[in-house]
Amino acid sequence: MTHRCLLPVVLLLCFSTTALSRSYSLLQFQQRRSLAVCQKLLWQLPSTPQHCLEARMDFQMPEEMKQEQQFQKEDAILVMYEMLQHIFGILTRDLSSTGWSETIIEDLLEELYGQMNRLQPIQKEIMQKQNSTTGDTIVPHLGKYYFNLMQYLESKEYDRCAWTVVQVQILTNFSFLMRLTGYVRD
């Protein structure tokens, strides 16, 4: 009798693990494709003269973004979700002085939104059952980094040069996000 009840439970666990691993493979594929689209869209936006990049400052990018580090799949998802939320928030600010195409920005925001929607259910599940991890330590650093980016834009009154500096930062972010996506696998 016990064996008869145990078999369906074992089969269910096997199938759910297989489905989850397949979804991670699919998620990785979708995220990489979407990040590549985001990078391409961001490169299509006109930038301003090189002298604008001289206005750069230290935004206190987290060390984890500067150097190669190992991430667990769950940590990578938490960090990716956090970064995408902040990038989305930045790109919904006052872009009027940039001369950027509204269509490109809308497409970029749509891609970012799609990525966040794919990650959100997994992110919520991880947050519910996870203890302190690498993701927990980098998230506050990310918050400070993005706060500094926003402060920079505000202090420069969202001028075109400030947006060029932020555009370069976001491109760097996308490169890091692409690396993080490599950890989202079976």
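Numbers here simply count residues along the sequence, with the first being 1.
- Residues N148 and K144 are in side-chain contact: their nearest non-hydrogen atoms beyond the backbone lie under 4.5 Å apart.
- Summarising the geometry, atom CD belonging to Q151 is positioned 11.0 Å from atom CZ belonging to F59; distances are rounded to the nearest 0.5 Å.
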Does the side-chain contact (heavy atoms from CB on, under 4.5 Å) test come out yes or no for E111 and D107, once each step is laid out?
CA-CA 6 Å; E111 284 293 328; D107 290 348; 5.8 Å; no
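- Both M127 and L180 belong to a common hydrophobic cluster when Ile, Leu, Val, Met, Phe, Trp and Tyr are linked at side-chain heavy-atom distances under 4.5 angstrom.
- In terms of heavy-atom proximity, R32 sits nearest to G182 at NH2-CA, 3.0 Å.
- How far CG of D159 is from OG1 of T98: 11.0 Å, rounded to the nearest 0.5 Å.
- Here the side chains of I87 and L177 are in contact, with some heavy-atom distance below 4.5 Å.
- Note: Q30 CD to L35 CG = 11.5 Å, rounded to the nearest 0.5 Å.
- From I170, atom CD1 reaches atom CG of L91 across 4.0 Å, with rounding to the nearest 0.5 Å.
- With sequence neighbours excluded, the residues that form a side chain to side chain contact (heavy atoms under 4.5 Å, CB included) with F88 are T92, L109, L112, Y113, M116.
- Residues F147 and L84 fall into different hydrophobic clusters, defined by Ile, Leu, Val, Met, Phe, Trp and Tyr side chains chained together at heavy-atom separations under 4.5 Å.
- Nearest heavy atoms, Q28 versus V184: CB-O, 3.0 Å.
- Taking the ring pair (Phe, Tyr, Trp, His ring centres under 6.0 Å) definition, one finds that Y158 meets it with nothing, sequence neighbours left out.
- Between Y81 and the options H86, Q115, Q120, a side chain to side chain donor-acceptor pair (under 3.5 Å) holds for only Q120.
- Residues S101 and E106 fail the side-chain proximity criterion, which asks for heavy atoms closer than 4.5 Å.
- L27 is listed as a side-chain neighbour of L119, based on a closest heavy-atom distance under 4.5 Å.
- Residues W163 and R93 meet the side-chain proximity criterion, which asks for heavy atoms closer than 4.5 Å.
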Evaluation steps, side-chain contact (heavy atoms from CB on, under 4.5 Å), between I122 and Y24
CA-CA 10 Å; I122 301 168; Y24 278 121; 3.7 Å; yes
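- Considering only heavy atoms from C-beta on, Q167 comes within 4.5 Å of W100 through its side chain.
- Checked by atom type, the side-chain pair T181/Q31 shows no donor-acceptor distance below 3.5 Å.
- Here the shortest heavy-atom pairing between I138 and F71 reads CD1-CZ, 4.5 Å.
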Table please: side-chain donor-acceptor pairs of residues 38-46 below 3.5 Å, with sequence neighbours left out.
none

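- With a 4.5 Å cut-off on side-chain heavy atoms, F176 and V79 count as touching.
- Rounded to the nearest 0.5 Å, atoms CZ (R33) and CZ (F29) are 7.0 Å apart.
- Of the N and O atoms on the side chains of Y145 and Q169, at least one donor lies less than 3.5 Å from an acceptor on the other residue.
- With rounding to the nearest 0.5 Å, the separation of OG1 in T172 from CE in M61 is 5.0 Å.
- Scanning both residues, A36 and M178, for their nearest heavy atoms gives N-CE, 3.7 Å.
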